[in-house]
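See structure below.
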Amino acid sequence: MANPGGGAVCNGTLHTHKTHSLGSQHGDGRKNGVTKDTQQNGNSPFHKPIVESFEQPPLHVMVFTYMGYGIGTLFGHFRDFLRNWGIEKCNAAVEREEQKDFVPLYQDFENFYIRNLYMRIRDNWNRPVCSAPGAQFDLMERVSDDYNWTFRLTGRIIKDVINMGSYNFLGLAAKYDESMRTIKDVLEEYGCGVCSTRQEMGTLDKHKELEDLVAKFLNVEAAMVFGMGYATNSMNIPALVGKGCLILSDELNHASLILGARLSGATIRIFKHNNTQNLEKQLRDAITYGQPRTHRAWKKILILVEGIYSMEGSILHLPQIVALKKKYKAYLYIDEAHSIGAVGPSGRGVVDFFGMDPRDVDVLMGTFTKSFGAAGGYIAGRKELVDYLRVNSHSAAYATSMSPPISEQIIRSIKFIMGTDGSTEGLQRVQQLAKNTRYFRQRLSEMGFIVYGNEESPLIPLLLYMPGKVAAFARHLLERKIGVVVVGFPATPLADARARICMSAAHTRENLDTVLEALDQLGDLLQLKYSRHRKSPRPDLYDETSFELED
Ligand code: PLP
């Protein structure tokens, strides 16, 4: 998918040079068949090849998928018809009788879809969890007496379910043990809540300590932390750009980036996912034509991207994007929610992954909700940027600051990853995550599943396509005490439903093999092995003794 033109970056200029690609483009983004885009950059300081796969399914799979939705839709209309006539009970939100002359509030397609299709398989989402989201967790059993409209807890706990769905990349979201003692100390000293904003009474020494540590970890001048990752994006982007500015946003960006972009009042243009050719075209057009009608130059151009895209498992093509932003003098904002702590030889995210200079990125944003097992977000970069946000960010002015024990959990996690806690266990976890990721991806490919994304992405989308199989997949796995997240429309395109598997350093080889065995059997049972590029097993690839992280 990525780098459709095969743009290889050499000394900051883009050349077209494709080294390895099978199959044709899919909507300028995906390719038909396995794609391996490899950039080897002669003189550049980064030599990291990008190996990504976005295989398209055989035609019959698409035909059956659309047929499945077609049949579901026909039944949906039939059931709506019965509901209209009062023959079938309707539990969904409907127009009030006294407002029936109004323009309908609820009658859009997504509502039809939720009422008639999602409701049938709703048991696979929002399951109540009653333990820490470690490698294994406990679920509360629930049943429905009215075809999934409502659920009733049975009181039984499904214990030790293997957790393949939480973003607990480094296994730092765990239940309390003695190694977390400092969190308890902070809780005893400061309590839970701050009860004020950063600009009023809510700036604690703990926040200062954390911000210095984040800056040191990322190797930048300064950082500021916020109580919520989502608000870090949605409240800070409007502080950076506004009317007369242009945002170039990846089409698959997270909702928080989209909200921030919309709230800013800047003009938003979308470029194709991770497609540097398309981005360059948009940058060139923006500079050539300027603002619509007046043709004045844009005040600022901001490129909004993510480090790892969780639904695609793709990793940002940072070298090319940095080259473009320098060439066209645009600013770059990277959301590292999924990549910080999770990729790079020392767990410092995509900048580390590509061996690049953090100063090449204008705004480094990330969240503490994944690798750090905590909550909140950060913005890091130059001191001027951070000082500016301290004054202008709505999150600093109007939102209560981060809870002290949460700050301490992040401090503890960062020290652990950096090894300043006196152990090398943090780095070992980063390496373990990479090892688990490669092993799991390799085995899935050998089995013949279509898995998307970069071979080093710990987020592994396994394509299921057909709506019926989505439900069967999640239910069968839960019967075997394996918890996965399955995702479909509207979070993915209609026909591209998938399971999003999250790797963790806390998963043991035994955990992974149990899941792989179950997936292998389920893949045969549900006929999910759609890949035409099944990889041959090469056990030496994941021999523990020969494993080494590339740098
Ligand atoms: N940015 C990205 C890319 C995300 O995936 C998420 C959440 O998953 C967020 C921001 C929001 O972060 P949080 O959940 O910490 O509020």
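Note that ligands are numbered from 1 as they come in the structure, with each ligand's atoms numbered from 1 the same way. Computed from a predicted model, the values in this text were never measured in an experiment. Note that these values count all heavy atoms, side chains included, but never hydrogens, waters or copies made by symmetry.
- The nearest protein atom to atom 1 (N) of ligand 1, hydrogens excluded, is given as Asp335 OD2, 2.6 Å; this is a heavy-atom distance.
- What sits closest to atom 7 (C) of ligand 1 on the protein, heavy atoms only, is Lys370 NZ, 2.9 Å.
- Centroid-to-centroid, the aromatic rings of Tyr113 and Phe489 come within less than 6.0 Å.
- Heavy-atom proximity to Ala337, at under 4.0 Å, picks out these atoms of ligand 1: 1 (N), 2 (C), 3 (C), 4 (C).
- Counting atoms of ligand 1 from 1 in the listed order, those under 4.0 Å from a heavy atom of Glu306 are 3 (C).
- Considering backbone and side-chain N/O atoms, Thr367 never comes within less than 3.5 Å of an N/O atom of ligand 1.
- The closest side-chain donor-acceptor pair between Ser314 and Asn454, if any, does not fall under 3.5 angstrom.
- Using a 4.0 Å cut-off between charged nitrogen and carboxylate oxygen, Arg429 and Glu425 count as a salt-bridge pair.
- Near Tyr230, with a cut-off below 4.0 Å to any heavy atom, the atoms of ligand 1 are 11 (C), 12 (O), 13 (P), 16 (O).
- Of all protein heavy atoms, the one closest to atom 9 (C) of ligand 1 is His254 CE1, 3.4 Å.
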### Task
Begin from the C-alpha positions of Val194 and Leu204 and carry the test side chain to side chain contact (heavy atoms under 4.5 Å, CB included) through to its verdict.
CA-CA 9 Å; Val194 181; Leu204 305 181; 4.1 Å; yes

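- Only the side chain of Asn233 comes within 4.0 Å of ligand 1, judged by heavy-atom distances.
- Each of Asn124, Leu478, Val484 was checked for a side chain to side chain contact (heavy atoms under 4.5 Å, CB included) with Phe473, and the lone residue meeting it is Val484.
- No side-chain heavy atom of Asp138 sits less than 4.5 Å from a side-chain heavy atom of Val161.
- Residue Ser256 has at least one heavy-atom neighbour below 4.0 Å for each of these atoms of ligand 1: 1 (N), 10 (C).
- Residue contact annotation: Gly377 has no non-hydrogen atom under 4.0 Å from ligand 1.
- Nearest protein heavy-atom contact of atom 5 (O) of ligand 1 is His338 NE2, 2.9 Å.
- Per-residue contacts place Thr369 under 4.0 angstrom from the following atoms of ligand 1 (heavy atoms of the residue considered): 13 (P), 14 (O), 15 (O).
- A tilted orientation is assigned to the rings of Tyr378 and Phe368, their planes being inclined by 30° to 60°.
- Residue pairs meeting the side-chain hydrogen bond (donor to acceptor under 3.5 Å, both in side chains) criterion with at least one partner in residues 328-339, sequence neighbours excluded, are Asn233-Tyr333, Asn233-Asp335, Glu280-Tyr328, Glu336-Ser339.
- Between Asp123 and Arg475 a salt bridge is recorded (basic side-chain N to carboxylate O distance below 4.0 Å).
- Where the criterion is an N or O separation shorter than 3.5 Å, residue side chain and backbone included, Tyr167 fails it with respect to ligand 1.
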